[in-house]
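For reference, the structure is listed below as C-alpha cells.
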Amino acid sequence: METLVYRFEQGQRKLGSAAQLVGVVSSGNLEVLVQSLDLQSACEIEVNTAAVGFGVIWQAVMNDFNQRWQLADCHIAINDMGATPAVVSLRMDQAIVACLEQAK
C-alpha cells in the first residue's frame, strides 16, 4: 500500500456540509469520500492505493481534477484498488456532483 497526499490552495468552490461516498473498493475500482472541513480555502486529497509507484500519474490526475473544480475547504479520501486514471476521474467527478446536488 502507498499513501499519497495532495493539497491545492486558494480554492473557489465550497461544497455542502454533508459527506458523500461513491464507488466501491474492489479490483480495478475505488471509493471516494468527500467531506467539507475548514482547510483555509484549500482542498486536500489523500490517496491510499494498492498500486505502488504511480505517483506521477496520480499527480497528473489530481492536477486535472483541481483545474476542473477549484474546491475550497474540502477533504477527499480515496481508497484505490488499481483503478485506471479514467475511472479515478469519473469517481471523483461523481462525488463532487453528488455533493453539489445535495447542497441545492
Side-chain angles (χ1 to χ4, degrees):
M1 292 295 290
E2 183 173 19
T3 300
L4 306 167
V5 179
Y6 304 94
R7 184 176 173 100
F8 299 96
E9 303 292 341
Q10 301 175 0
Q12 303 298 315
R13 180 181 290 168
K14 291 190 179 193
L15 302 174
S17 60
Q20 287 291 327
L21 177 67
V22 299
V24 61
V25 180
S26 66
S27 180
N29 209 336
L30 73 158
E31 70 178 5
V32 178
L33 173 63
V34 179
Q35 298 173 294
S36 291
L37 297 175
D38 182 6
L39 297 173
Q40 300 170 349
S41 295
C43 175
E44 286 185 348
I45 305 170
E46 180 180 332
V47 179
N48 293 298
T49 180
V52 177
F54 292 90
V56 172
I57 293 170
W58 279 103
Q59 181 71 61
V61 172
M62 296 304 111
N63 289 344
D64 182 61
F65 173 82
N66 181 61
Q67 287 178 347
R68 276 195 312 280
W69 293 103
Q70 296 291 309
L71 297 176
D73 295 331
C74 181
H75 181 266
I76 301 173
I78 298 174
N79 294 311
D80 171 58
M81 289 298 292
T84 64
V87 171
V88 173
S89 291
L90 173 76
R91 288 284 181 239
M92 292 180 76
D93 288 348
Q94 181 183 21
I96 300 309
V97 168
C99 287
L100 294 172
E101 287 177 356
Q102 187 170 356
K104 288 182 182 179

Let me confirm one number: the [atom1]-[atom2] distance from [X] to [Y], rounded to the nearest 0.5 Å.
X     : Y      : atom1 : atom2 : value
Asp73 : Ser17  : CG    : OG    : 12.5 Å
Arg13 : Leu100 : CZ    : CG    : 6.0 Å
Met81 : Ser27  : CE    : OG    : 6.5 Å

How far apart are the closest heavy atoms of [X] and [Y], and which atoms are they?
X      : Y     : value
His75  : Leu37 : CB-CD1, 3.5 Å
Ala51  : Glu2  : O-OE1, 4.0 Å
Gln102 : Ala18 : NE2-CB, 3.1 Å
Gln70  : Gln67 : NE2-CA, 3.7 Å
Cys99  : Gln20 : SG-CG, 3.3 Å
Val87  : Asn29 : CG1-OD1, 4.0 Å

Could you tell me whether the side chain of [Y] reaches within less than 4.5 Å of the side chain of [X], counting heavy atoms only?
X     : Y     : value
Leu4  : Phe54 : no
Trp69 : Leu15 : no
Glu31 : Val24 : no

ILVMFWY network linking Ile57 to Val32, side-chain heavy atoms under 4.5 angstrom: yes

Hydrophobic cluster identity match, Met92 and Val97, side-chain contacts under 4.5 Å: yes

Residue from Thr3, Asn79, Asp80 passing side chain to side chain donor-acceptor pair (under 3.5 Å) with Thr49: Asp80

Phe8 and Tyr6 aromatic ring geometry - parallel, tilted or perpendicular at 30°/60° bounds: parallel

Pairs satisfying side-chain hydrogen bond (donor to acceptor under 3.5 Å, both in side chains), at least one member in residues 55-64, at least two apart: Gln59-Asn63, Asp64-Arg68

Candidate list Val5, Leu33, Ile76, Ile78, test side chain to side chain contact (heavy atoms under 4.5 Å, CB included), partner Glu46, passing option: Val5

Donor-acceptor pair, side chain of Gln12 and main chain of Gln10, under 3.5 angstrom: yes

